[in-house]
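Below, all heavy atoms of this structure are taken into account, side chains as well, without hydrogens, waters or symmetry copies.
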Amino acid sequence: MVVTVVSELVASGTGLGHYVDLHQQVGDMPEAYAGIVAAGTTGYLVNVAVLAADRLTVRWRAITVGGDQ
């Protein structure tokens with residue numbers, strides 16, 4: 001996720017990184033911070049979804065990580 005946003009900052013004309021950069025350059029800081037919060041929220045939700053999928057699909061990992069062997 002971080003790599004995607006940073007590459008959008010540098011090389012793209014679209015995307016969340018470009019959105020944040022554009023609003024930061026014109027001084028529209030509330031919009032720039034909204035983009036940063038959106039990126040953070042998206043990253044958090046993706047992490048929660050991947051961890052849930054991991055628990056559902058990799059049963060032995062949940063047993064060893066939880067300490068119940």
query = Out of curiosity, L16 CG to H18 NE2, how far, rounded to the nearest 0.5 Å?
reply = 11.0 Å
inquiry  = Once rounded to the nearest 0.5 Å, what's the spacing between atom CG of D28 and atom OH of Y19?
reply    = 7.0 Å
note = In short, A32 meets Q24 closest at the heavy-atom pair CB-N, 4.0 Å
message = I'd like to check the side chain to side chain contact (heavy atoms under 4.5 Å, CB included) partners of N47; sequence neighbours left out, ordered by chain and number.
response = L51
key: Residue of the set T42, V46, T41, V48 for which side-chain contact (heavy atoms from CB on, under 4.5 Å) holds with Y44   = V48
